[in-house]
Structure formats: structure tokens, C-alpha cells
There are 2 protein chains.
Amino acid sequence: MATGRTHRPATRSRGIPEATVARLPLYLRALTALSERSVPTVSSEELAAAAGVNSAKLRKDFSYLGSYGTRGVGYDVEYLVYQISRELGLTQDWPVVIVGIGNLGAALANYGGFASRGFRVAALIDADPAMAGKPVAGISVQHTDELERIIDDNGVSIGVIATPAGAAQQVCDRLVAAGITSILNFAPTVLSVPEGVDVRKVDLSIELQILAFHEQRKAGEGEAAEDRLPPPPATKSDRKGPDGDLPAVMPA
Amino acid sequence: MATGRTHRPATRSRGIPEATVARLPLYLRALTALSERSVPTVSSEELAAAAGVNSAKLRKDFSYLGSYGTRGVGYDVEYLVYQISRELGLTQDWPVVIVGIGNLGAALANYGGFASRGFRVAALIDADPAMAGKPVAGISVQHTDELERIIDDNGVSIGVIATPAGAAQQVCDRLVAAGITSILNFAPTVLSVPEGVDVRKVDLSIELQILAFHEQRKAGEGEAAEDRLPPPPATKSDRKGPDGDLPAVMPA
DNA sequence: TTGTGTGAAACTTTTCACAGCG
DNA sequence: CGCTGTGAAAAGTTTCACACAA
């Protein structure tokens with residue numbers, strides 16, 4: 001999902017597979033819940049169930065971090081919480097800026113999961129002068145003009161883009177120029193960034209479309225398929241949208 | 001990401017790889033943009049750049065759908081838009097319910113990308129009686145009591161959960177009992193669903209944590225590692241004590 | 001000549017299954 | 001004996017490179 005993918009060949013010593021990294025937060029969440037209930041140890045089986053994966057995968061994942069379990073017993077919850085937090089870099093505090101304080105940006109600012117995990121909302125930024133000074137989630141929104149200064153003053157390296165698609169690339173460029181090296185993009189557009197900058201995207205529409213794909217399949221299960229048949233003739237001027245041409249609108 | 005994973009062995013005739021399915025919405029978005037600019041054809045190279053992938057991957061992906069291109073020329077934009085839409089099941093209209101109309105739920109209700117892609121917000125549902133009747137994004141919020149009736153009346157098969165984590169499983173159970181077979185979960189919790197129900201999750205905190213992991217790595221790049229070394233020692237010299245004290249150590 | 005479509009190779013991720021530690 | 005840790009096999013995904021259709 002990251003665009004700035006060109007990570008080092010990195011197959012060197014400390015190469016934790018990307019798939020494993022993506023699951024560490026899941027394990028951490030499950031472990032935190034256990035920790036809160038003062039559960040001292042868990043088996044791979046139990047923890048895997050809580051995290052929604054299978055135990056073999058979990059054990060393999062943990063094996064990349066080291067041998068943190070005890071055979072015949074399981075894993076020490078507190079110890080694992082610490083190890084995974086450290087591995088993920090959550091033992092330090094990450095200041096984050098959110099750009100674009102519309103519905104989504106506000107929702108993000110209010111999202112509790114941020115603060116509870118080493119992330120601190122350092123600033124909320126919006127291009128609308130009318131927003132400036134307004135408090136959202138207890139933080140006063142600042143104008144885009146301040147962007148560079150804010151990032152510099154706070155040593156921010158992670159930015160969240162929640163602007164309309166049309167503004168995303170421009171905002172991205174400014175963030176990168178200001179020193180941001182990791183971006184979480186909610187705008188439905190592909191961002192281009194220089195080497196060394198990581199981008200992850202979250203796209204609601206895409207998730208729904210994937211669900212629709214599987215949903216459709218379930219529906220056309222038992223029957224002989226009606227939409228499943230060979231595609232219409234490939235003659236160009238032919239089809240333009242017999243029944244299904246899309247309105248085709250992007251959120252702007 | 002889907003929990004109800006147990007998909008059919010499906011190695012049957014029309015098996016489109018999951019990784020490919022996940023990219024189809026990306027291609028569709030890029031194609032739609034081209035279509036709006038009345039571009040008649042694209043090469044795999046151009047389209048791949050617009051979608052943020054490489055061209056070999058794109059061609060391979062399309063090859064699973066069929067041979068929709070013209071050698072020496074490229075792909076007909078309109079035709080591909082249609083084919084991908086059909087493949088994703090977007091030529092039909094999917095009614096969707098959103099449960100949990102807090103900050104996030106409201107943001108989702110207002111999200112333009114929904115309506116523009118074959119998805120229709122059929123209802124907004126919230127457990128707070130005070131919310132009932134209030135209009136959000138032009139739709140009147142309904143109380144949870146109505147959930148089953150709403151789903152049934154509208155033939156809804158896709159549900160979006162935007163409730164707090166604590167309520168998610170309960171809401172999920174009701175959705176499933178009411179006939180929902182695809183769920184997009186924004187609550188930071190693992191949902192358990194019966195076979196045949198698809199779950200996809202979106203978790204902000206997880207995405208940020210993955211970014212933090214890579215960010216941390218960038219920071220400790222050139223130097224001799226200070227956080228990379230064995231963590232602060234503890235009573236660990238003789239393998240791990242049953243009591244959960246913090247750090248111990250070491251790499252494999 | 002151009003750019004698709006695709007076998008085959010390379011790489012990644014998951015699953016299996018069991019040795020061996022506690 | 002129970003459960004971790006891990007080689008080895010299987011499955012899935014990406015990349016390569018080129019035959020070949022238009």
C-alpha cells in the first residue's frame with residue numbers, strides 16, 4: 001500500500017517481513033486488553049484467537065522478533081507488550097499533524113486510539129480561514145499558511161491528509177518539503193512522493209468495492225450466472241453503457 | 001483482512017486472485033478520471049502510473065479478467081471501465097447501512113465516494129435515542145431498535161460499523177442475524193462472524209503504527225543504533241522470569 | 001513497430017508438522 | 001506432557017522477458 005516502497009533491499013539481519021509488521025499492532029491490541037485484565041500469560045492459541053489470526057502464523061511472526069515465549073507455558077503478556085511496542089517504535093511519542101479538518105479530519109482528531117498509542121495530535125490544519133481558531137477536539141485549528149512552521153517547531157515527521165482529493169497532492173508536497181517522511185492518506189488519490197517517504201492509504205470506497213465483489217459472488221452462487229457470461233463484443237463504438245455506465249464522480 | 005475468509009476453494013474457473021481484486025478499484029478510479037477527460041485509450045504503462053502500480057502487474061491483473069486490450073495500442077477506457085465495474089459488481093446498486101453516527105459515522109455518511117460508486121446509504125442507525133430523527137447528511141438517523149426492520153425492508157446486505165469498540169460485536173451479531181453478509185468494520189476490535197459473512201476492517205491506529213515502525217527505522221539508519229541494541233536489561237540474564245518485568249533481550 | 005498477454009522464474013507469505021525445551 | 005520455535009512444503013504474488021497480434 002505504500003507508495004514510497006523502495007525500501008532498502010534490507011534482507012539483511014533484521015528483516016521483519018512486511019506482512020508480520022502489519023500484524024504486530026493487532027497482537028499489541030489483544031495483548032493490551034489481556035494486560036488490562038491482569039492476565040499474566042497467554043498461549044499462542046489464545047492470543048491468536050483474540051487477534052483473529054491462526055496460531056502458526058502468530059508463532060512464526062513472533063519468531064522474527066526473537067524467542068520471547070516459554071515452551072510448555074506460553075508468552076508473558078507484559079513482556080510481549082513491551083517488546084512489540086519497542087519494535088513498532090511506540091515507546092517514543094510521535095507528534096502528528098492532521099491536514100484537512102472536514103468531517104473526516106474532525107473524526108480523526110477526536111479518535112481516542114491516537115493518543116492511547118504513542119501518537120499525539122500536534123496540530124490541526126485547514127485551508128479555510130473561517131476554520132482558523134476554532135477548537136476541534138480541544139485543539140485550535142490553524143491555517144495552512146502555518147504548516148511549515150508548525151512542522152518545524154514540533155519536529156513532526158508523520159502527517160495525515162484528510163483533505164479533498166483535489167488538494168491532496170499539493171498538501172503532500174508541502175508536507176514533504178517541510179520534512180514529513182510518513183504520510184497517512186485518506187484522500188482518494190494516488191500521491192507521488194520522493195524516495196524515502198512512506199505513504200499508506202485508507203480508502204473507504206475501495207474497501208466497499210472489495211466487499212461488493214465478494215457479495216456479488218455470493219449472490220450468483222447457485223444459479224447459472226447471468227452477469228457472469230462472456231463479455232460483450234469488444235467493438236468500441238458499440239457499448240457505451242447499455243445498463244451500466246457510471247455517473248463517474250469523484251469526491252473533490 | 002477479511003475474517004470470514006473461508007472462501008470456497010474457488011480454484012474453479014473464474015478465480016481472480018485476491019490481490020488483483022484489491023487493485024481493481026484503483027484501476028477503476030484512474031480509468032474514471034481518464035474517462036472524464038475523454039481520453040479514448042491508455043497503455044498499460046500510462047494507466048499503471050496513474051494507479052500507482054507497475055505495468056507488468058497491471059497487465060497480469062487484467063489478464064485474469066480476459067483479453068480486453070489491443071496489442072500495439074492499449075486499452076479502450078470506456079470499455080475497461082465497464083468491464084471492471086461489472087466484475088466488481090458495481091453495475092448494481094448496493095444499499096448500505098451505517099451503524100454508529102458519531103464523528104466517524106457522520107463523516108462516512110457525508111463521504112461523497114459512496115454514492116458515486118454504486119453504493120447508496122439506505123439508513124443511519126444509532127443507539128442514542130437523542131440522535132433519532134436528527135438529520136445527518138440529509139438522512140434522518142434512526143434508532144437501533146429499527147435495525148432489523150430497516151435491513152429487511154431495504155434488502156440491505158452490506159453494513160458499516162462505526163460504533164465504539166465495546167458495542168461492535170453486539171451490533172455485528174444483530175446485523176448478521178438480520179441478514180447482512182458483508183461488513184466494513186471501523187471499530188478497533190476483532191469481530192467474530194459465522195462462515196459466509198465477509199468482514200473487512202479499517203483501523204486508523206494500525207496504519208499509524210505501521211508508519212511508526214518504518215519511521216523509526218529511518219531514524220536509526222546511519223548511526224550505530226541506540227534503540228536497536230538490547231533493551232534496558234532486567235533480571236533477564238537467566239532466561240525469562242515468570243514474573244512480568246520489563247525488558248530482557250535479544251535478537252535471533 | 002508497438003504494447004499486450006503470458007509462461008516461467010523469483011520472491012513472499014502461509015501452512016504444516018514435529019523436534020525439543022521446560 | 002504442553003506449547004514454543006522452526007525447518008520444509010505449499011500457496012500466493014510479483015517480476016521478467018519475449019512471442020506475437022494489430
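First the proteins, then the strands, lettered A, B, ... as listed; each starts at 1.
As a whole-Å value, the separation of Glu45(B) CD from dT15(D) P is 13 Å. Summarising the geometry, the separation between CG on Leu47(A) and C1' on dG2(D) is reported as 17 Å, rounded to the nearest angstrom. Rounded to a whole Å, the CG atom of Leu58(B) is 8 Å from the P atom of dT4(C).
Residue Lys60(A) has no polar side-chain atom (N or O) positioned under 4.0 Å from OP1 or OP2 of dG5(D). Distances shown here put every side-chain N or O of Arg71(A) at or beyond 4.0 Å from the OP1 or OP2 atom of dC18(C). The phosphate of dG5(C) has OP1 or OP2 within less than 4.0 Å of a side-chain N or O from Tyr75(B). Residue Ser43(B) places none of its side-chain N or O atoms closer than 4.0 Å to OP1 or OP2 of dG3(C). For Thr70(B), no side-chain nitrogen or oxygen approaches OP1 or OP2 of dA22(D) to under 4.0 Å. Between Asn54(A) and the phosphate of dT14(C), there is no side-chain N or O to OP1/OP2 separation shorter than 4.0 Å.
Here the side chain of Gln216(B) pairs no donor or acceptor atom with the backbone of Ala212(B) at under 3.5 angstrom.
Residues Gly72(A) and Arg23(A) each lie close to DNA chain C; by heavy-atom proximity, the contact nearer the 5' end of the strand is made by Arg23(A).
The side chain of Ala19(B) has dT14(D) as its nearest neighbour among dT15(C), dT13(C), dT14(D). For Arg59(B), counting side-chain heavy atoms from C-beta on, the closest listed nucleotide (dT4(C), dT14(C), dC16(D)) is dT4(C).
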